[in-house]
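Computation of the quantities below employed the complete heavy-atom set of this structure, encompassing side-chain atoms and omitting hydrogens, waters and symmetry-equivalent molecules. Computed from a predicted model, the values in this text were never measured in an experiment. Just so we're on the same page: letters track the sequence lines, and every chain starts at 1.
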Amino acid sequence: MKYDFTGIESKWQKKWDDEKAFCASNGGERPKFYVLIEFPYPSGTGLHVGHPRPFTAMDIVARKRRMQGFNVLFPIGFDAFGLPTENYAIKNKIHPAAVTRDNIAKFTGQLKRLGYSFDWERCVDTTDPSYYKWTQWIFLKMFDAGLAYKALIPVNWCTSCKCVLANEEVVDNVCERCGADIVRREKSQWMLKITKYAQRLIDDLDTVDYVERVKAQQRNWIGRSVGARIDFMTTSGDTIQVFTTRQDTLYGATYMVMSPEHPLLQKWTLDNPDEIKAYQALAAKKSDFERTELVKEKSGVELKGIRAVNPVTNKEIPIFISDYVLASYGTGAIMAVPGHDTRDWEFAKIYNLPIVEVVSGGDISKEAYVDCDSGIMVNSGILNGLSVEDAKVKITKWLAKEGLGEETVNFKLRDWVFSRQRYWGEPIPIVNCEKCGYVPLSESDLPLLLPEIENYETTETGESPLAAMTDWISTVCPKCKGPAKRETDTMPQWAGSSWYFLRYTDPHNDTALAGRDALSYWTPVDWYNGGMEHTTLHLLYSRFWHKFLYDIGVVPTAEPYNKRTSQGMILAEDNQKMSKSRGNVINPDDYINEYGADTLRLYIMFIGDFEKTAAWSSQAVKGCKRFLDRIWNLAADGAILKDADSSHEAAIHRAIKKVGNDIENLKFNTAIATLMALVNDFYITPPTQGDYKVLLTLLSPFAPHIAEELWEMQGFGGYAAKEAWPEHDESKTIEAQIEIAVQVLGKLRSTIKVPPDCDDDFLIEKAKADEKIARHIEGKQITKTIVVKNRLVNIIVC
RNA sequence: GCUGGUGUGGCGGAACAGGUAGACGCCCGGGACUUAAAAUCCCGUGAGGGCAACCUCGUGCCGGUUCGAUUCCGGCCACCAGCACCA
């Protein structure tokens with residue numbers, strides 16, 4: 001009988017569906033285990049071959065943990081709001097909700113064809129009003145807590161789409177959608193105060209088990225630096241505040257630089273206003289991309305008529321504006337220390353400004369002496385002779401005493417721009433009242449439904465398509481009942497995904513985002529795997545939301561995820577990223593049709609180190625199909641021994657140990673290699689039914705359909721998927737005869753076969769007696785012998 | 001520049017509390033079965049030398065520690081990813 005994967009796979013998929021085989025229960029005797037994958041965005045093109053890598057990996061973990069007796073929650077849902085759906089809807093004149101429905105149906109079919117053990121009863125859809133009601137509810141809570149606010153900020157404006165783009169939607173300074181130029185525009189936007197959580201988002205990384213590259217990237221993005229705020233008086237009687245991490249170099253501050261957007265510039269009357277305005281206009285025209293290009297020479301304009309005073313030297317120093325100082329970081333102004341900062345040094349050279357050495361050890365006539373931690377303070381008044389470290393402490397104390405500054409922590413992290421001028425997103429549940437200002441809807445008014453509209457096109461004015469819905473917009477103020485207007489922007493795609501893992505614990509609850517008991521039972525997520533591309537977006541955003549929900553008593557833990565791992569990307573066969581334009585996209589359906597889902601699952605796990613990028617090979621897939629054929633044929637050819645003693649005991653116990661450990665350590669490729677080696681053994685010496693049963697048990701998480709079918713054919717009873725995961729016996733992992741390497745002078749010269757755990761003298765004698773070894777030591781004096789138990793003997797001669 | 005990571009056969013990759021380098025798979029070669037082919041099964045497959053037994057070399061480069069280094073240490077080089085005029 002041939003291995004008919006198509007029939008087998010649909011048979012078991014139907015059975016799993018009918019029996020709701022993998023649904024979790026909230027509670028019970030067994031320990032809980034919550035495994036999470038990033039829920040997919042249901043695009044029109046369907047699953048691509050990148051999806052099955054993390055999905056299969058976590059399915060294997062979920063299945064193995066179930067077999068080990070855990071109550072496993074392995075849920076699935078769809079992150080369905082977003083731009084591609086909206087674009088598709090515009091182009092094809094179909095309502096985005098209909099597009100979403102179709103795409104979810106398509107994805108569901110594809111996911112089921114891969115045999116994933118999801119709990120489909122808990123499936124969530126972020127565009128479902130019963131779901132986004134709670135997304136809006138969280139927003140209202142944030143508004144109440146002062147974490148959601150509206151602000152006029154510079155945004156990325158696409159000149160062709162006539163709408164705002166998120167930073168991540170701008171690629172190489174053009175719109176990722178249409179390729180048009182991006183300019184900066186001031187726009188009033190809803191913001192979320194993620195910066196309030198910056199310190200905790202860093203600190204609590206120490207409490208979770210994330211792979212190091214994820215932690216490092218988040219720390220880097222949040223960008224904490226410790227320094228000081230220092231106040232510089234000006235001749236106009238104002239104060240310019242600066243942030244510096246090098247307060248020790250204050251005596252070397254010979255000029256100041258402000259960003260062209262600094263608010264004091266509007267206040268001041270200067271002697272060269274035209275020159276300044278011209279520079280400001282130039283800077284405003286430039287995009288962030290151009291402004292941050294390193295190659296260009298620094299430029300700036302000196303402010304004529306107003307100077308600053310260095311608080312320690314009491315010298316008057318010039319003030320410049322330059323776009324190398326960013327308005328959005330620190331205070332938007334710096335003290336320039338050209339002796340010990342490369343940028344300041346370059347600027348000083350161009351404008352002929354004094355360069356003073358305040359830390360000895362470098363040669364400031366050639367370049368700024370920056371890495372000067374080991375240097376000694378000079379030309380620095382009260383700091384002279386101190387180390388850099390001590391100087392920092394001393395000057396900071398002095399500044400505090402004089403009321404001229406204090407120690408400060410600064411972050412790179414910015415608040416989250418939360419408005420999108422789009423239709424297909426969650427409406428922001430706020431009204432703008434002429435009298436009361438921004439007023440939140442009351443909870444009982446949620447969900448605020450997305451109205452049905454005819455036209456989803458963005459408008460000429462850059463407002464949301466909802467802005468044209470005058471009926472919908474006009475409303476009454478919840479507070480004063482006077483006339484008010486609804487907010488027409490919607491939430492970004494990252495909103496719904498910031499809390500979806502909470503909804504899975506209690507997906508049908510209509511009185512809370514999830515019940516307290518359900519949250520206490522399931523959270524935190526035990527293991528969350530997802531893409532590196534979400535490290536500083538979704539992963540950070542959801543940690544922020546979770547911490548907020550923790551603060552207001554909604555969730556029981558400060559962190560949402562205990563463990564975070566990340567898969568590598570799958571490249572196309574040509575080693576390039578898959579893309580429609582390159583025409584190298586691999587569709588998993590084609591491989592399921594040709595080889596079956598079990599083969600595809602195996603191959604995608606066997607392709608290489610799970611955490612590294614791997615290139616697809618249509619040739620190598622065959623090897624995994626052959627492996628399954630060989631397992632199938634063992635049974636079909638009647639090679640399995642009944643009523644016999646196993647000659648594979650040691651190999652079986654080693655395989656149990658290795659496969660189990662490998663799954664927990666994401667080493668799926670070597671787990672599969674172990675199973676392949678075991679099957680190769682079975683072809684040399686036939687397995688007993690007991691051996692075969694263990695093989696199927698270990699195979700079951702990887703290739704669940706064929707494992708189940710063979711299990712049934714062998715009459716093992718029940719399901720392979722519900723079989724207890726076998727335990728290995730360490731004492732049985734060692735063969736009766738082991739091979740030991742024999743070296744002479746550290747070079748392998750022979751091997752000997754001996755029983756395990758022989759004593760050293762026996763091994764040495766046995767090694768010396770070996771014919772090949774005898775030849776190598778003949779006529780030489782043995783000075784030393786080294787024995788490594790059960791591994792090798794090394795004979796040293798001279 | 002900063003941060004994290006990676007360099008091993010023709011290819012994907014194993015092995016690292018230092019201990020038989022190349023598991024497993026792909027490709028390729030040979031054989032069995034077959035009228036033949038496919039499929040399947042068996043054997044071989046790092047490089048060089050030798051009829052062979054064997055020998056020499058070999059884990060990015062240069063050094064070091066060690067009986068023994070892909071693994072540890074020092075110094076380089078290359079590549080990948082993220083951030084980047086962040087004061």
Side-chain angles (χ1 to χ4, degrees), chain A residues 2 211-221 223-225 227 242-247 249 257 259 291-296 298 322-326 328-337 340-344 346-347 370-371 410-414 532-533 535-536 568-569 602-603 606-609 611-624 626-627 629-630 633 637 658 667 669-680 683-684 739-751 771-772 775 783-797:
Chain A
K2 213 172 159 276
V211 287
E212 194 49 42
R213 56 184 173 149
V214 171
K215 286 192 183 184
Q217 212 166 300
Q218 288 208 345
R219 283 196 194 101
N220 202 281
W221 180 263
R224 180 180 193 267
S225 34
V242 303
F243 172 74
T244 177
T245 56
R246 293 303 307 275
Q247 56 270 43
T249 62
V257 187
S259 77
R291 275 182 71 160
T292 55
E293 261 185 315
L294 285 168
V295 284
K296 71 169 176 121
K298 302 220 173 337
S322 172
D323 61 8
Y324 87 83
V325 172
L326 308 174
S328 50
Y329 184 78
T331 62
I334 61 155
M335 66 176 206
V337 184
H340 303 280
D341 181 282
T342 308
R343 295 151 302 176
D344 298 344
E346 286 168 13
F347 192 86
V370 180
D371 295 319
N410 201 49
F411 296 94
K412 281 195 235 176
L413 189 69
R414 319 272 165 80
M532 281 308 289
E533 71 276 16
T535 300
T536 52
M569 220 193 318
L602 272 174
Y603 174 62
F606 188 63
I607 194 167
D609 187 327
E611 302 188 85
K612 286 187 205 151
T613 303
W616 187 264
S617 162
S618 52
Q619 281 292 328
V621 180
K622 289 181 192 163
C624 290
R626 278 185 201 135
F627 168 58
D629 281 335
R630 279 162 72 81
N633 291 338
D637 297 347
K658 176 85 175 136
K667 303 291 178 197
N669 52 339
T670 51
I672 293 166
T674 303
L675 295 176
M676 286 173 167
L678 190 62
V679 170
N680 291 346
Y683 268 76
I684 297 164
E739 199 182 54
I740 283 185
V742 184
Q743 300 178 333
V744 177
L745 281 168
K747 288 195 175 182
L748 181 72
R749 295 302 181 186
S750 187
T751 57
E771 199 190 325
K772 293 176 201 164
R775 242 187 0 252
T783 52
K784 194 175 174 185
T785 49
I786 292 137
V787 178
V788 181
K789 197 181 164 206
N790 293 340
R791 308 276 330 210
L792 65 64
V793 176
N794 188 7
I795 300 170
I796 312 304
V797 294

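Backbone-only contact: A:Ile607 has heavy atoms under 4.0 Å from sugar-phosphate atoms and none from a base. Residue A:Thr613 is in sugar-phosphate contact alone, with no base atom involved, counting any heavy-atom pair closer than 4.0 Å across all strands shown. Residue A:Lys215 is classed as having no contact, given no heavy-atom separation below 4.0 Å to the nucleic acid. Residue A:Asp609 is in sugar-phosphate contact alone, with no base atom involved, counting any heavy-atom pair closer than 4.0 Å across all strands shown. Across all strands, A:Arg213 comes closer than 4.0 Å only to sugar-phosphate atoms, never to a base (heavy-atom distances). Contacts of A:Tyr683 with the nucleic acid, taken as non-hydrogen atoms under 4.0 Å apart, involve only primed sugar atoms and P, OP1 or OP2. Note on A:Ser617: nothing from the nucleic acid sits closer than 4.0 angstrom, heavy atoms only. Counting any heavy atom pair closer than 4.0 Å across all strands shown, A:Asn680 reaches sugar-phosphate atoms only and no base atom.
Under the Watson-Crick or G-U wobble criterion, with both distances below 3.5 Å, B:rC41 is paired with B:rG31. The base-pairing partner of B:rC11, taking Watson-Crick or G-U wobble contacts with both distances under 3.5 Å, is B:rG25.
One can find a donor-acceptor pair under 3.5 Å joining the base of B:rC67 and the side-chain atoms of A:Asn794. A donor N or O paired with an acceptor N or O is found under 3.5 Å between the base of B:rC85 and the side-chain atoms of A:Lys298. Between the side chain of A:Glu212 and the base of B:rG5, no donor-acceptor pair of N or O atoms lies under 3.5 Å. For B:rU20, the base has a donor-acceptor partner in the side chain of A:Glu739 [N/O atoms by modelled type, under 3.5 angstrom].
With hydrogens and angles disregarded, a donor-acceptor distance shorter than 3.5 Å links the side chain of A:Asn633 to the backbone of A:Asp629.
Phosphate contact (OP1/OP2 of B:rC54, side-chain N/O of A:Lys747, threshold under 4.0 Å): absent. Side-chain N/O atoms of A:Arg626 include one lying less than 4.0 angstrom from OP1 or OP2 on B:rU40. Contact between the side-chain N/O atoms of A:Arg749 and the OP1/OP2 oxygens of B:rC55 is found at a separation under 4.0 Å.
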request  = Let me see the working for A:Phe606 and A:Met676 under side chain to side chain contact (heavy atoms under 4.5 Å, CB included), right down to the final yes or no.
outcome  = CA-CA 11 Å; A:Phe606 188 63; A:Met676 286 173 167; 3.8 Å; yes
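The C1' atoms of B:rU45 and B:rG31 are separated by 15 Å, rounded to the nearest whole Å. The separation of B:rG18 from B:rU70, taken at their C1' atoms, amounts to 10 Å, rounded to a whole angstrom.
Comparing B:rA14, B:rC85, B:rG12 by their nearest atom to the side chain of A:Phe606 picks out B:rG12.
Within a 6.0 Å sphere centred on CD of A:Glu771, heavy atoms belonging to other residues, nucleotides or ligands number 12 at most.
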